[in-house]
Structure formats: C-alpha cells, structure tokens
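Chain naming here is simple, since letters A, B, ... match the order of the sequence lines and numbering starts at 1 in each.
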There are 2 protein chains.
Amino acid sequence: MPASLSGEAVTQLDRSLIAELPPFQGLEPAALDHVLGEARSLRVAKDAAIFEQEEEAKNFFLLLDGHVRVVKTTPDGQQVIVRYISCGELLGIAQALGLKAYPASAIAAVDCVVLAWPGRLWSDFSTRYPSFGADTYRTVGARLQEAHTRVVEMSTEQVEQRVAHGLLRLANQTGKKTQEGVLIDFPISRQDIAEMTGTTLHTVSRLLSAWEADGLVRSGRQKVTVVEPHRLFLLAGGRARKG
Amino acid sequence: MPASLSGEAVTQLDRSLIAELPPFQGLEPAALDHVLGEARSLRVAKDAAIFEQEEEAKNFFLLLDGHVRVVKTTPDGQQVIVRYISCGELLGIAQALGLKAYPASAIAAVDCVVLAWPGRLWSDFSTRYPSFGADTYRTVGARLQEAHTRVVEMSTEQVEQRVAHGLLRLANQTGKKTQEGVLIDFPISRQDIAEMTGTTLHTVSRLLSAWEADGLVRSGRQKVTVVEPHRLFLLAGGRARKG
DNA sequence: CGACCGTTTGAATAGGGTCAACAACTGTGG
DNA sequence: CCACAGTTGTTGACCCTATTCAAACGGTCG
C-alpha cells in the first residue's frame, strides 16, 4: 500500500527545514520558498511504502524525519536491502537516473516525515539552482562508489566480514552513542541484516550470538549496539580466503 | 606502468570519429572541432593500464577502439572486474563523481586507441554542451543501476547462475555473431570470468566444461562462444536457494 | 625446443545454507 | 489480568556447494 497519495499537507513549511541540507545549501530565501511551495509534506507510518519498485516515478522525495530502507525484490520474491536513508537525504530520484519507474521500493523503518515533489520539477530545479544539480550529481556518484564497494565486498569477503562491515556502516551512518556503545538508531531484525549482507537470518543470529559472548556487541529484539567498534573493525578486515 | 603519458599525438583527428557517439551527438561541427582540439590521442598496448587505481585523476577518456576492463584491487591484492568498456564509451570520469583519484584501474584487454582530455575540461564541456552533461548523467545513472543489479545477483544467486548471467551480459555487450554462435570479442580467461562473478577460476572451468559437454557454449584458450543463448538464459534464471 | 601460461580434473574440506524445533517477547482481545 | 497468536530470535544436526589443494596437460611464444 503506497503511502504516496495518502499524505496530508502540513500547514506551515519553514525555510529552516531545508536551508541547511546539502541539496539546498546556499539557496536564496526566495528560492527556498519556491522549492517549499512546490513540495507536499507526507507522514508515512512505520512499515508503509513511500514508493514501490516498478511503480511509475511520479515524485522524488526528501526524508525530513525517520529512517527508510530501500529494498529490491527479485522476480522470485527474495529481497535485498540496497541502502538505508537517513534524515536530510533525497530518495526516489529516478528522474536523475533517467528512469521512468522506481528501481526499488522505499519502506519506512520507523514513522517518517517526507517532502514530495512532482518528478517534472527535477530538471527545473537542476537548471535553475546549479548547486542543487551539482549536489545531486555528487550524491549519485557517491552511491555508485558505494555500490561498487559492495560488489567488491560480496566478491571477496566471507560472511562474517560482510556482516561486520555492514554493522559498522550502519553504526557510522546512524549510530547513536549510549552508555554501552553505539546503538543503531532504528529497529533492525536479523532478517534485515541478512538482506543487507547476502546471507541468512540464521547465520546472522549465530554471528551476533558469538560476538555478544565475546563482548563485541550487545543485541536484543530488533536492536543492535556495537560495543567495541575497533575490535569489530579488525574482524571485518580479516583476510579473505578465496581468489 | 600507466600508459597515460606515453601517448603520441595522431596527426589528424576527424570529426566523424566522435560525431555519432552518444556523448557528442548533436554537437555543432565547430563544437566537435573544439572538443577534438583539446584531446590527445593515445595508443595503449594490450595489458597496459590506461589509468591506475588511486592515481590522481588528471584525465578522462573515450575509448575509440578496443576493449578495456575496469578492475578494483583490494588491499590484500584480490581483484574484481567492475565492468568491461566498449568502443565509444567514456571511462575514467572521476570528475563526474567528484573524485580526485581514480577508484579503479583500466586495463587494455586488447590493443586500444583512446582520446584523453584534461580533467579540468569536464565541467567546461558539461556546461557548454548541455547534451554532453545530460548524456553523462544518464551514463552514470545506468552504471549505478548495473551495480545494484550486480549486488542483487551476488546476494541471491548461486555461482552457476552468476556465471551464466555474466557471460550473457558480455555476449550482449560485445558479442560477435559467428557460425557457431555469439563469440565474445576479446581474449578472456577463466580467471577473468571468475573475477567478474565472484568465484574461482576452477569453478568457472568446471562450469564451462559442463556447459560445453551440454552444447551450450564452445570455449578455448581465452575464448568463449555462446552457442545457445536461450538455454543459457534459462540456466541463469533458475531458482536460487537461499533466503 | 623448453618455459610458461592458461586450463582441466580429481580429491578433500569447510563454510554456511537448509531443515527443524523451540524459546522469548509483543501485542491483542476476552 | 491472563491466554493465545504472531513475530523474532536461538540453536542443533545435517548436507551441499564451491573453495582449497594438488597435479598434470596442452598450446603458445620467445
């Protein structure tokens, strides 16, 4: 059930909401007002879709609050988590890639707030506000890099190292310091971690259990805290075998 | 040994060399002359590097003739083939991704001819010739898609399916129809295929032997011909197990 | 012709996926 | 407040795929 159409307009959209975000940084107040004027604000409930794979790409989005996971589903129903999106990031930018349909689904990992713009405004924004175009170019470039890194990891690393890398990445991206260590800031299941790293929930469970016994992490239901990032990092860097 | 600096200027660069290529399509003759005027033409011997991973990104390139493989090397020396580049494609476009160094090495799979431009011209070309900017945006987008597809494959498919997919992709990209079937148009070893698909040369060798016995492919030293693309495709689509 | 590179093939091993059963927790409704 | 259903997580046993190790073969090239 895509939530795209069920959004309610928020009464006031303040410039300060987006003024400091990379895509809009340095824009004139008038420009910010123009951008906001075209936006609709949507609330998306946990586990609801912001957009769905294969769906016509009518809008692009900015995540104002919450966490979103981007998921690709294979024809036979297996899911792969492509990435997690944090506050302030753009998502659903199919237009930037010259696509007519979204290549993946975006699911709210927690209750979220997003801004939505009609896709046709993409080229408008890019040409009218060069810094917007430049920033999104960088974003796409960074995501390409990230995807290649992931291909290399999947090709050369053992499962244990991949899971360690995956956790560290999440901890860096969205980690929240607590007494015990770095807490991953949204509900994440063993299944989710498996879908990020190309393994099964069973293997992830076993690894986390072992690591917990070793004092590297603490974990509970849909919750993971990295207690000793440094030692986990060493584990992630351990030599692979094949090649 | 990077070949970047060993190139010799070709006496004449004709507009027709690049006029029909996507990045430059639709440019005025004067613009084409400008673009060519800034280019250096280089010959790169088989197995030589056009540029090397980590090296400062001084230039970007267009492959005029030959085939190039783009390779990432891990800190412990394992190699992963990111993609193959065919004639008419841009490569080494670190500038477009906002990078100061090349993220991978580019190795000539056969003797090649490339054009090279200084990196600083990237933004110049992009702004002065909008169709150039738009095309490269599409290129980067397509490569991102491709990388994500690869991540999904590596996460969900068995080795046999990945190798089948890899071969089919090569056959489509650079295949040359012959009496026997579709020949992959440059020397490619079992090791290369292994580095594309995240497996070992042994496994690739066994698969090719089995497929050959089955009449799906014909292969020899650094040579592969896909005899029955359709049946290979069925194999590639076969159900995966895990998940 | 001899050295080397790419390839083939066999045998042994192990990483991790599959199958199965259960335990712990959350939330719901009576 | 408790019973029950539905998730999510744990753990053991088994087995299979693909890697590892080892050896040998056949073109190719200097």
Query raised in the report: Which listed nucleotide (C/dT7, D/dT19, D/dG9) is nearest to the side chain of A/R221?
Result: D/dG9

Query raised in the report: Is there a donor-acceptor pair closer than 3.5 Å between any side-chain N or O of B/E55 and the backbone N or O of B/E52?
Result: yes

Requested in this report: Give one of base, sugar-phosphate or nothing for B/T203, where a contact means two heavy atoms less than 4.0 Å apart.
Outcome: base

Query raised in the report: NA contact type, B/S205, heavy-atom cut-off 4.0 Å: base, sugar-phosphate, or nothing?
Result: base

How long is the line joining [atom1] of [X] and [atom2] of [N], in whole Å?
{"X": "A/I188", "N": "D/dT7", "atom1": "CD1", "atom2": "C1'", "answer": "17 Å"}
{"X": "A/E195", "N": "C/dG17", "atom1": "CD", "atom2": "P", "answer": "13 Å"}
{"X": "B/K46", "N": "D/dT28", "atom1": "NZ", "atom2": "C1'", "answer": "11 Å"}
{"X": "A/L208", "N": "D/dT8", "atom1": "CG", "atom2": "P", "answer": "16 Å"}
{"X": "B/M154", "N": "D/dA18", "atom1": "CE", "atom2": "P", "answer": "12 Å"}
{"X": "A/L201", "N": "D/dG9", "atom1": "CG", "atom2": "C1'", "answer": "8 Å"}
{"X": "B/K223", "N": "C/dT7", "atom1": "NZ", "atom2": "C1'", "answer": "14 Å"}
{"X": "B/L207", "N": "D/dA18", "atom1": "CG", "atom2": "C1'", "answer": "10 Å"}

Are any of [X]'s side-chain N or O atoms less than 4.0 Å away from OP1 or OP2 of [N]?
{"X": "A/S209", "N": "D/dT11", "answer": "yes"}
{"X": "B/T199", "N": "D/dT19", "answer": "yes"}
{"X": "B/Q158", "N": "D/dA18", "answer": "yes"}

Query raised in the report: Are A/E153 and A/H148 side-chain neighbours, meaning at least one heavy-atom pair lies under 4.5 Å?
Result: no

Query raised in the report: Just checking, is any N or O donor in the side chain of A/S219 or A/E212 under 3.5 Å from an acceptor N or O on the other one?
Result: yes

Query raised in the report: Do B/R190 and B/T203 have a side chain donor and acceptor closer than 3.5 Å?
Result: no

Query - Side-chain donor/acceptor of B/H202 to base of D/dT20, under 3.5 Å - result: no

Requested in this report: Please state whether the base of D/dG9 and the side chain of A/R206 form at least one donor-acceptor pair under 3.5 Å?
Outcome: no

Report task. Return the orientation label for the A/Y102 and A/F51 ring planes: parallel under 30°, perpendicular over 60°, tilted otherwise. Result -> parallel

